[in-house]
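Letters A, B, ... are given to chains in the order of the sequence lines, protein chains preceding strands, and every chain is numbered from 1.
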Amino acid sequence: MIELTRGIIDPGQVLHFVQSPDAGASVLFVGTTRRMTNARETVRLEYDAYGEMARVKLQELEATARQRWQLTGVAIVHRLGEVMVGEVSVAIAVSSPHRAAAFEAGQWLIDTIKQVVPIWKKETWSDGSCEWVHPGVNRADA
Amino acid sequence: MIELTRGIIDPGQVLHFVQSPDAGASVLFVGTTRRMTNARETVRLEYDAYGEMARVKLQELEATARQRWQLTGVAIVHRLGEVMVGEVSVAIAVSSPHRAAAFEAGQWLIDTIKQVVPIWKKETWSDGSCEWVHPGVNRADA
Amino acid sequence: MILSIRLFAAAHEAVGEDVVSLPLEDGATVAQLRHALVEQFPSLAAWEHHLLIAVNQQYVLETHELAPDDEVACFPPVSGG
Amino acid sequence: MILSIRLFAAAHEAVGEDVVSLPLEDGATVAQLRHALVEQFPSLAAWEHHLLIAVNQQYVLETHELAPDDEVACFPPVSGG
């Protein structure tokens, strides 16, 4: 199950989606907007996406994970738009008969989502300034 | 937060306990009673514990995890008594500013709980037979 | 051919438009598209080597040849999660 | 000294009691306790080398010496989770 949403994410529901009597182990990853980065305070994030491609990429990642690991269920929900500090930006749930598979697949999914799915966050700091987060780009250059 | 309970475990509440604006990443592990093991069908499990020592050991594990990884929150809830197929037997939530720490600590906690915390499960099969699960013990000997 | 190119995040902000049109020779490659984009929109120059180009919602090689009906998008490194 | 020993899971079931009393010499070790337990309760014999002994809610070495006030427990390998 793949979803991009502008509404509040309920992580318990994302977990519930993958739970099954056939899966002894479920792992849920939840990414939350963090208040402090080094000594700077974040007020909110804003997520933008190339929605059509993001859905295609997330479906590919689910399919790849299901080929690499024996998974019973996979659910990925990513929030778009404004996300306040402490709110959930992404929830990923996987279930499996085997807990090692569930942990590995969950970690691989979040690591890979951060690398290839066309979603971007713009950070608004407590001093009112804001900037896009583009990993690997030196802001002095751009 | 450490809890042994005879009531239904709500994994969303266990996760909620560790969520914080200081933690960007939360990982929740949920163990569920699985229906099939090889070709045999489980009807229910029954968990017994040496409760006082189990609490002491779980607190030690939380303390050790907090020393090994930078964790914001830790919550471990284990069910005792009868657990039907599909119900949650254990929920472990950890949060951290860093997702790798949350995944590693979560996996270490469930792996180590299964090795050292004095809790035992007795499996009841669909044919009515039941037996204690004691890893490493050859039932032919015992 | 004239291609429509969707821009996202800082690329969108740098250009001030979410879709731009770009004249390209038939059979132009992704590398040629990247070059032409930066020439027409100098505000993208600082991003040039970081820009990702997606064709029909897939990442492609710099040597990939573009067709008039392709859905083309251009954006900086992703930061979801 | 006489020690009370709590039994759990299959050890409890094999003996049919959740607490048993065992006479031991003062300063007896965990290894001696293990031996005496199996001697007094032959139904534990098959478990002997698998039984875990906890003293005051901690796992201890076979050479650990027991004291009269110790909280002692005996159980097979754990299987929680």
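Side-chain contact between A:M53 and C:Y59 is present, with at least one heavy-atom pair separated by less than 4.5 Å.
Judged by distance alone, with hydrogens and angles left aside, the side-chain atoms of A:Y47 form a donor-acceptor pair with the main-chain N or O of C:G81 at under 3.5 Å.
Contact annotation for A:A54: neither backbone nor side-chain heavy atoms come within less than 4.5 Å of a heavy atom of chain C. Within the 4.5 angstrom heavy-atom criterion, no atom of C:E48 approaches chain A. Contacts of A:V117 with chain C are made by backbone atoms alone, with heavy-atom separations under 4.5 Å and no side-chain atom involved.
Annotation for C:F75 and A:P118: closest pair CZ-CB, 4.1 Å, computed over non-hydrogen atoms. Across C:S79 and A:P135, no two heavy atoms sit closer than the pair CB-CD, 3.8 Å. Across all their heavy atoms, A:V116 and C:V78 have their closest contact at N-CG2, 3.9 Å. Taking each heavy atom of C:G80 and A:K114 in turn, the nearest pair found is O-CG, 3.3 Å.
Dense packing is recorded around NE2 of C:H64, with more than 12 heavy atoms of other residues, nucleotides or ligands lying under 6.0 Å away.
Atom OH of A:Y50 and atom NE2 of C:H12 lie 14.5 Å apart (nearest 0.5 Å). In this structure, NZ on A:K122 lies 3.5 Å from CD on C:E13, to the nearest 0.5 angstrom.
Using cut-offs of 30° and 60° on the angle between ring planes, the pair A:W120 and C:F8 is parallel.
Between chain C and the residues A:R55, A:K57, A:Q115, the largest count of heavy-atom pairs under 4.5 Å involves A:K57.
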